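For reference, the structure is listed below as structure tokens.
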Amino acid sequence: MMNQTSSALQAFIKFRFRGNSITNSFLVHFQLGLGLGFGPHKASLHSNVGEHAPSMLGKIRNLDGALNLFDEMIQRRPLPSVIKFNQLLTVVTKMKHFTCSLDLFNQMCSLGIPVDKYSMNIVIKCCCQLYRTNDGFAVLGCCFRRAIAPDVFIFSALLDGLVIEDKILEAEKLFKKLIKQKLCEPDVVMYNTMIKGLCKFGNNVTAIALLRLMEQTNCKPDVFTYNTIIDSLCKDKLIDDAFKLFKEMVYKKGFLPNVITYTSLICGLCNLGRWDEASKVLKEMEDEDISPNVQTYSVLVDAFCKEGKVEEAEAVINIMVERGNVPNIVTYNSLIDGYCLRGEMSKAMAIFDSITLRGLVPNVVTYSALLNGYCKNLNIERAMQMFREMTQKGLKPNEVTYTTMLQGLFQVGHCVAACKLFDEMHAQGQIPNDFTYGIILNGLCNNHQVEEALSLFQLVGDSKLNSNIVVYNILIDGAGKCRKVDIARNLFHDLIGKGLQPDVQTYSVMINGFCREGLLMEAKQLFLKMDESGCPPDNVTYCVFLQGYLKNKHYDNVEMLLQEMDGRGYSLDATTLSMLLNQIAAKSLDRSMLKLIGKLVPKELIDEPGLSA
DNA sequence: GTAGGGTTAG
């Protein structure tokens, strides 16, 4: 499996980025593209702003400039028209200074400038972008009071606000209400906003249904509509559905896919390890004269890094730079993560140091990757140092940062520090999710603090966090390891009483617990129950059970279990295999079993010198 | 003459 991925990967990089000839043709292509106007558009866009905006507006370079202009405008008599003010608000909003825009708007109101629906739209948009959609609706109320009829722009901004705040049900309600009560005629942007919301919640089916609905109205879907759904399908690993929609968009509807369409598809394919196809799509987009952008390249960089192919990732970065793209913090974060995952911390730190020299600012993701690297290397002091450094720089650790740090602290047995950090996480208003909760329970169990884990479990009580089978798997395993099989047994009954379904891991840890105490009959009963319950034992279950028999010197059932494993196409793990061989050497098991055992040795183990003897 | 939407990272 690993080799297959690697060779596809190699083919991929060779095909795209090896040898000068290919690279050169790439370059020629790019330079041609520049000449034909396919190059960076940003510079030309900027000068356009100047052409169309009033002279003073065009000179605004930063927030201060905008504020100075505002001050100057409010001195003039007569006051400039609301249009001029709206234009200024737009500039400030585009710079993402939403709070500032709101402030300016308030000043406009107190100066008696007759704000209109354009101003209102900007204000509502600012509220929504600040996660203050409720305030946005309050402004809508002001619209009605001022006899400003809200239009599709205003309602779309509000709908988007609800989507941003994950209030998908409210978004759907608003959308339906607008249509039913004919408050406004939804246009393509509004449909696309609703579709984006549905996709965000993994509701691809409804999103596609809405796309079909659009086809029956005057408001036809556009490339945005298709891109949104294609991206969502890619994210949900429904890549074949994504391609179906892609083909429909191109061949049936005649839309030209753009760099975003292709980036989504390439990302989806990379995430599934389908490198050859990703390579094909990359070639196809270039054949269509669509140049990959920073994001496209970053997808490739990230994919290579996740496969441990950091050198290839660096090669991609070199190519993108040659082709005039500037790698950003996201690109470098992937690279840092790649080195960290390989434990090459000095290289990761070298990249980290180069980031500042390039005028980029490390963010929470950068730091999280590094402290994850240090934690994995069990260098908890350095990890803690990075953690402090990031908070000193005013970066707020997020859920991932805390979880990484917690895992690291538990791994080196610093339970007290871990608990302290957990309290801090709480104090910072970060709510632990399933994953963090699991890390903590597991950390406590692995550090002989099962009682602590159990009291946390009691404390959490009937919350949703405790309705996860993983929680029980951790605790049953933890209790078993501490020789508290009664507690493990109770937990097992508990989860069934709660209506939770034990999974193969639950059974395995419970069987392991029984075997550890020599309760082979109970272990066997549970083992037999697995098939009946539609949860057949896997490789691990068999190995655990076999080890239980061997440790308890019960040799009668070993051969039968081995035969069953053979029948199911399973194989032995290294530990179980060596235990079996030891027992044969000690003549506790008959040599005749060697043939059967030989069939159960996985291929990977045959090449290992230590075991082939 | 002014206002709105889509892609990437742990």
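Please read all numbers here as calculations on a predicted model, not as lab measurements. Protein chains get the first letters and strands the later ones, always in sequence-line order, with residue 1 at the start of each.
Nearest to the side-chain atoms of A/Asp151 among the listed nucleotides B/dA3, B/dT8, B/dG5 stands B/dA3. Considering only the side chain of A/Ile260, B/dT7 comes nearest among B/dA9, B/dT7, B/dG4. Closest to the A/Asp222 side chain, of the nucleotides B/dT2, B/dG5, B/dT8, is B/dG5. Side-chain proximity of A/Lys117 to B/dG5, B/dT7, B/dA3: nearest is B/dA3. Comparing atom distances between the A/Asp231 side chain and each of B/dT7, B/dA9, B/dG4 picks out B/dT7 as nearest. The side chain of A/Thr228 lies closest to B/dG6 when the candidates are B/dG6, B/dT8, B/dA9. Out of B/dG1, B/dT2, B/dA9, the shortest distance to the side chain of A/Tyr118 is found at B/dT2. Candidate nucleotides B/dG4, B/dA3, B/dT8 were compared by shortest atom distance to the side chain of A/Thr90, and B/dA3 ranks first. Comparing B/dT8, B/dG6, B/dG4 by their nearest atom to the side chain of A/Asn227 picks out B/dG6. Checking B/dG4, B/dT8, B/dT2 against the side-chain heavy atoms of A/Asp116 singles out B/dT2 as nearest.
In this entry the distance linking CG of A/Asn325 with P of B/dT7 reads 19 Å, nearest Å. One can place CG of A/Leu104 at 16 Å from P of B/dA3, the figure rounded to the nearest angstrom. For A/Lys96 and B/dG4, the NZ to C1' distance is 13 Å, given to the nearest whole Å. As rounded to whole Å, 13 Å separates atom C1' of B/dA3 from atom CE of A/Met190. Whole-Å rounding puts the A/Ile122 CD1 to B/dG5 P distance at 12 Å. The distance between atom CG of A/Leu265 and atom P of B/dG6, rounded to the nearest whole Å, is 18 Å. To the nearest angstrom, C1' of B/dA3 lies 12 Å from CG of A/Asp187. Note: CG (A/Leu245) to P (B/dT7) measures 15 Å, nearest angstrom.
The base of B/dT2 is not paired with the side chain of A/Gln87 by any donor and acceptor separated by under 3.5 Å.
With hydrogens and angles disregarded, no donor-acceptor distance shorter than 3.5 Å links the side chain of A/Asp236 to the backbone of A/Leu238.
No contact: A/Lys200 has no heavy atom under 4.0 Å from any strand. Residue A/Val259 is classed as having no contact, given no heavy-atom separation below 4.0 Å to the nucleic acid. Within 4.0 Å (heavy atoms only), A/Met120 reaches no atom of the nucleic acid at all. Within the 4.0 angstrom heavy-atom criterion, base atoms lie near A/Val364. Using a 4.0 Å heavy-atom criterion, one finds that A/Asp302 contacts the sugar-phosphate atoms exclusively. Using a 4.0 Å heavy-atom criterion, one finds that A/Thr401 contacts the bases of the nucleic acid, with or without backbone contacts as well.
By the 4.0 Å N-to-carboxylate-O rule, A/Glu389 lies close enough to A/Lys393 to be salt-bridged with it. Using a 4.0 Å cut-off between a side-chain N of Lys or Arg and a carboxylate O of Asp or Glu, A/Lys220 and A/Glu215 do not qualify as a salt bridge.
A donor and an acceptor atom, one from each side chain of A/Asn204 and A/Asp241, are nowhere located under 3.5 Å apart. The closest side-chain donor-acceptor pair between A/Thr263 and A/Gln295, if any, does not fall under 3.5 angstrom.
Between A/Tyr332 and A/Phe352, the gap from one ring centroid to the other reaches at least 6.0 Å.
Applying the 4.0 Å criterion to OP1 and OP2 of B/dG4, one finds that A/Lys125 has every side-chain N and O outside that range.
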